[in-house]
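Quick notes on the structure that follows.
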There are 2 protein chains.
Amino acid sequence: MADPEIPPPPWQRLPDRSSRKRREPISRDAIVAAAIGLLDREGLSALSMRRLGEELGAGAASLYWHVGSKDGLLDLVLDELIGEVEVPDPDPARWQQQLKETARSQRRVSLRHPYLVRVSIGRIPMGPNALRVTEGTLAILRAGGLSPRLAVQGYLLLIDTVNGFTVDETGVEDGGAPQLPPEELQKVADMARDYIASLPPEQFPNMTDLAGEFAFSDPDERFEILIDIFVDGLARRAAAR
Amino acid sequence: MADPEIPPPPWQRLPDRSSRKRREPISRDAIVAAAIGLLDREGLSALSMRRLGEELGAGAASLYWHVGSKDGLLDLVLDELIGEVEVPDPDPARWQQQLKETARSQRRVSLRHPYLVRVSIGRIPMGPNALRVTEGTLAILRAGGLSPRLAVQGYLLLIDTVNGFTVDETGVEDGGAPQLPPEELQKVADMARDYIASLPPEQFPNMTDLAGEFAFSDPDERFEILIDIFVDGLARRAAAR
DNA sequence: ACCTGAACACCGTTCAAGT
DNA sequence: ACCTGAACACCGTTCAAGT
């Protein structure tokens, strides 16, 4: 998990608790694990310090000694989940496919933990796992022969692109569940379709015409189009000079 | 503003208040305007129903008669701000530039109201202004000769792409201000650079090597790269078949 | 070194009651 | 038709006090 060699970034919102020995029922790791469990089961709105304390059989105030604040806890949760992202070792001959694989892995993790992208907003992920993913992704981009500048811009854009897609895909949260069940999602899509189809065609010729496409538009296909366009365009730019 | 011809979508979280006559100091429009003013001045975390009531010289409970809930209010705020997005009339010869202009306008609005993208998360924007923007964007895509299917996928991806970029760009919120001031942003960037540069080079050869690039990476350039790649790739796909 | 209960300063929302 | 104060059920966080 945490790599003890690497000091945390200076803006980390966490108290210094280097001297932790025995593994007690309540510890930083246990709190993070419990938080992720709660988030996976009940979604972002269910996570409160009081509720999490209950879950661990402790008072809410106890948590503050370990994680400093709710914000600090979410920093830890974010890095823990970024740890689930898989980044292949760079192979210059396959760098484009490898970049796509990285993007797909990122999307998979974001779908598995639908609150993840929302937690990441406003945070600069620089925990040990984030560093590993960043380093690995940059390695692939450099293996592709991108200039230093384009490698960094491309890396930042890849994250934005995948996050933009998944924040949309996972944005709708149910009260009780982290994500609306598929049939509910379909119902929302159907309602949107019917509403679009009911608009006055003189004013909205294109929308009414395309109402059916909206309902059947496939997110998997859409994601593949996105990373195809992105990786292809990046490669083209790299080759251009 | 609101177009009375178009009925609201069925999932709109607003009470039906069709019979509104005199323009009083407190009205749906006045509440939305006050909310946007407050958000512009102090950011997303400053908006509470109590605070907004104060701002309008009314009790918080009074707002509920007009906007139903905070969620309903944010639906209205979102559509009002989408109204600031400019979409050019479709010109088949210039559709690629027009798509980029639409994306740039979207980004400008999101920078002017840095909380906007966060408000839009989890909402399907289907107010009158959103319909206008969607119809206009689809018109440009159809003018470009895209198939119905690719036009819809491309439209959805364009939004995701721009939002992914701007949610990153506007993600850091200050307590007192809607957005960190530029010098604070630079300080954050410098801290990140220094931290990256301080990492062990054996473990992070690419990050340490590229630390400088991270600090100087220009968001305007990055955005142009993004829409270049995206629009170009979309055109290529459209031409491919 | 760790955990606690109680308190502070907030939230969104409801509702009976007013005009 | 519109607005109110008071109440309900929550928040994150602090802090003196405990062990």
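A, B, ... follow the sequence lines: proteins, then strands. Residue 1 opens every chain. As the structure is a computational prediction, the values presented were derived from the model and not from experiment.
Salt bridge B:Glu54/B:Arg50: absent, no basic N to carboxylate O contact under 4.0 Å. Between A:Arg107 and A:Asp220 there is a salt bridge, since at least one side-chain N of the basic residue sits less than 4.0 Å from a carboxylate O of the acidic one.
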Which nucleotides of DNA chain D pair, in dot-bracket form (Watson-Crick or G-U under 3.5 Å, | meaning another strand): ||.|||||...|||||.||

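If you measure from atom OH of B:Tyr64 to atom P of C:dA16, you get 17 Å, rounded to the nearest angstrom. Put simply, CG on B:Leu52 is 10 Å from P on C:dG12, counting in whole angstrom units.
Of the possible donor and acceptor atoms, one in the side chain of B:Arg123 sits under 3.5 Å from a partner among the backbone N and O of B:Asp71. Formation of a donor-acceptor pair under 3.5 Å by the B:Thr208 side chain with backbone atoms of B:Pro201 is not found in this model.
Taking the side chain of A:Ala58 as heavy atoms from C-beta on, and the options D:dG12, C:dT4, C:dT13, the nearest nucleotide is C:dT4. In this structure, the nucleotide among C:dT13, D:dT13, C:dC2 sitting nearest to the side chain of B:Lys70 is C:dT13.
Partners of B:Asp79 according to the side-chain hydrogen bond (donor to acceptor under 3.5 Å, both in side chains) rule, which considers only residues two or more places apart in sequence or in another chain, are B:Asn129. Residues forming a side-chain contact (heavy atoms from CB on, under 4.5 Å) with B:Ser217 (at least two apart in sequence, or on another chain): A:Val152, A:Gln153, A:Leu156, B:Arg222.
Residue-level contact check: B:Leu47 touches the backbone only, with heavy atoms under 4.0 Å from sugar-phosphate atoms and none from bases. Contact annotation for A:Ser62: base contact, defined as any heavy-atom pair under 4.0 Å involving a base atom.
Spacing between C:dA9 and D:dA9 at atom P, rounded to whole Å, works out to 22 Å.
Residue B:His66 has no polar side-chain atom (N or O) positioned under 4.0 Å from OP1 or OP2 of D:dA1.
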